[in-house]
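Worksheet: one structure, shown below.
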Amino acid sequence: MKNLPRSFYTRPALLVAKDLLGKTLVRKIGRVTLSGTIVEVEAYCGAKDPASHAYRGRTKRNEMMFREGGYLYVYFTYGMHFCANVVTGKNNVGEAVLIRALEPVCGIEVMKKNRGFAKTVGATHTLTNGPAKVCQAFGIERKENGTDLLGNKVYLMAGESITKSSIGTSGRIGISRGKEKKRRFFVKGNKWVSG
DNA sequence: CGACCGATTGACT
DNA sequence: GTCAATCGGTCGG
């Protein structure tokens with residue numbers, strides 16, 4: 001299997017967001033491989049979007065968002081959580097797509113260990129149904145900020161194809177500004193989608 | 001420098 | 001349903 005090419009990421013965030021549904025996120029930690037199918041995302045559109053970290057221009061924190069597409073932007077929030085974004089668009093644009101939820105595929109036992117879950121068989125939907133949960137399960141922290149998705153630590157592969165009719169759209173979650181914009185996309189009926 | 005608040009979660013009433 | 005946890009970015013003085 002092969003990484004998605006740079007050209008997948010250098011398009012506008014809204015297009016990349018919809019195309020990310022059904023793709024497989026892969027994370028390698030030493031010899032361990034974790035993977036999952038993306039089922040929920042949100043687009044954050046640079047300087048034009050009041051909810052985006054890039055809205056107030058380039059800073060040390062959001063620098064990564066201004067790279068060309070295909071890098072990981074990880075930020076720390078609420079004093080205890082990390083969220084992972086896929087940087088999109090061309091250099092200096094400042095767009096990204098937040099990975100909000102995914103369906104675990106490989107390495108479920110390791111994800112449970114990372115999340116502090118008991119060693120039971122199978123996965124429960126609370127394992128990865130939220131942006132900070134995905135990061136915790138996949139071991140994505142501050143040092144993963146800036147990871148090149150064309151490398152072999154964190155990357156994406158083509159996965160299931162999602163038909164247009166099974167993609168749901170809504171306003172974004174957990175923000176106060178730009179709430180009305182329909183920039184959240186999810187796979188309808190998938191139990192891993194966050195509530 | 002101090003106050004305020006956030007792309008969240010989990011525990012508790 | 002409500003609320004604390006906990007810290008770094010941002011803005012006002």
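Just so it is clear, the model here is predicted, and its values are computed rather than measured. Residue numbers begin at 1 in each chain, while the letters A, B, ... track the order of the sequences. Quick note: numbers below take in every heavy atom, side chains included, and nothing from hydrogens, waters or symmetry partners.
For A/Asn129 and B/dA7, the CG to P distance is 19 Å, given to the nearest whole Å. The nearest whole Å value for the distance from the CZ atom in A/Phe82 to the P atom in B/dT9 is 14 Å. One atom, OH of A/Tyr78, and another, C1' of B/dC4, lie 13 Å apart when rounded to the nearest Å. In this structure, A/Asn85 places its CG atom 7 Å from C1' of B/dA7, rounding to the nearest Å. With rounding to whole Å, A/His81 atom NE2 is found 14 Å from C/dG8 atom P. Separating the OH atom of A/Tyr73 from the C1' atom of B/dA7 is a distance of 9 Å, rounded to the nearest angstrom. When the C1' atom of B/dG10 is taken as reference, atom CG of A/Leu127 falls 15 Å away, rounded to whole Å. B/dG6 atom C1' lies 16 Å from atom CD1 of A/Ile173, rounded to whole Å.
Within the nucleic acid shown, A/Arg115 comes within 4.0 Å of sugar-phosphate atoms alone, with no base atom in reach, counting heavy atoms only. The residue A/Phe76 sits close only to the backbone: its heavy atoms come under 4.0 Å of sugar-phosphate atoms, none of a base. Here A/Ala132 lies in heavy-atom contact (under 4.0 Å) with sugar-phosphate atoms only. Backbone-only engagement by A/Arg61 is indicated by non-hydrogen atom pairs under 4.0 Å involving sugar-phosphate atoms exclusively. Backbone-only engagement by A/Lys133 is indicated by non-hydrogen atom pairs under 4.0 Å involving sugar-phosphate atoms exclusively.
Using N1 to N3 plus N6-O4 or O6-N4 for Watson-Crick, or N1-O2 and O6-N3 for G-U wobble, each under 3.5 Å, C/dT6 pairs with nothing. Both distances falling under 3.5 Å, in either a Watson-Crick or a G-U wobble arrangement, occur for no nucleotide opposite C/dG13.
Here the separation of C/dC3 from B/dC5, taken at their C1' atoms, is 15 Å to the nearest Å.
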Handout entry: Chi angles and distances behind the side-chain contact (heavy atoms from CB on, under 4.5 Å) call for A/Phe117, A/Thr126
Key = CA-CA 10 Å; A/Phe117 280 32; A/Thr126 55; 3.6 Å; yes

Exercise for the section: Verify side-chain contact (heavy atoms from CB on, under 4.5 Å) between A/Val39 and A/Phe186, making sure each step is shown before the conclusion. Expected result: CA-CA 5 Å; A/Val39 298; A/Phe186 56 94; over 6 Å; no

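Closest to the A/Arg56 side chain, of the nucleotides B/dT8, C/dT10, B/dA7, is C/dT10. The side chain of A/Met80 lies closest to C/dA5 when the candidates are C/dA5, C/dT10, B/dT8. Checking B/dG6, B/dT9, C/dG8 against the side-chain heavy atoms of A/Pro131 singles out B/dT9 as nearest. If you check B/dG10, C/dG8, B/dA7 against the side chain of A/Leu98, the one that comes closest is B/dA7.
A close approach under 4.0 Å does not occur between any side-chain nitrogen or oxygen of A/Arg184 and OP1 or OP2 of B/dA7. Dashed line: the shortest gap from a side-chain N or O of A/His53 to OP1 or OP2 of B/dA7 is under 4.0 Å.
Residue A/Lys181 holds its NZ atom at 14.5 Å from OG of A/Ser170, rounded to the nearest 0.5 Å. Between the CD atom in A/Glu42 and the CZ atom in A/Arg172 there is a gap of 6.5 Å [rounded to 0.5 Å].
Taking the nucleotide of DNA chain B with the nearest heavy atom to each of A/Thr77 and A/Thr126, the more 5' of the two is matched to A/Thr77. Position along DNA chain B of the nearest nucleotide to A/Phe117 versus A/Ile175 favours A/Ile175 as the more 5'-ward residue.
Checked against the 6.0 Å centroid criterion, the rings of A/Tyr73 and A/Tyr75 qualify as a close aromatic pair.
Judged by atom type and distance alone, A/Tyr75 reaches the base of B/dA7 through a side-chain donor-acceptor pair under 3.5 Å.
Because its NZ or CZ atom is not both nearer than 6.0 Å to the ring centre of A/Tyr44 and within 45° of the ring axis, A/Arg177 does not count as a cation-pi partner of that residue.
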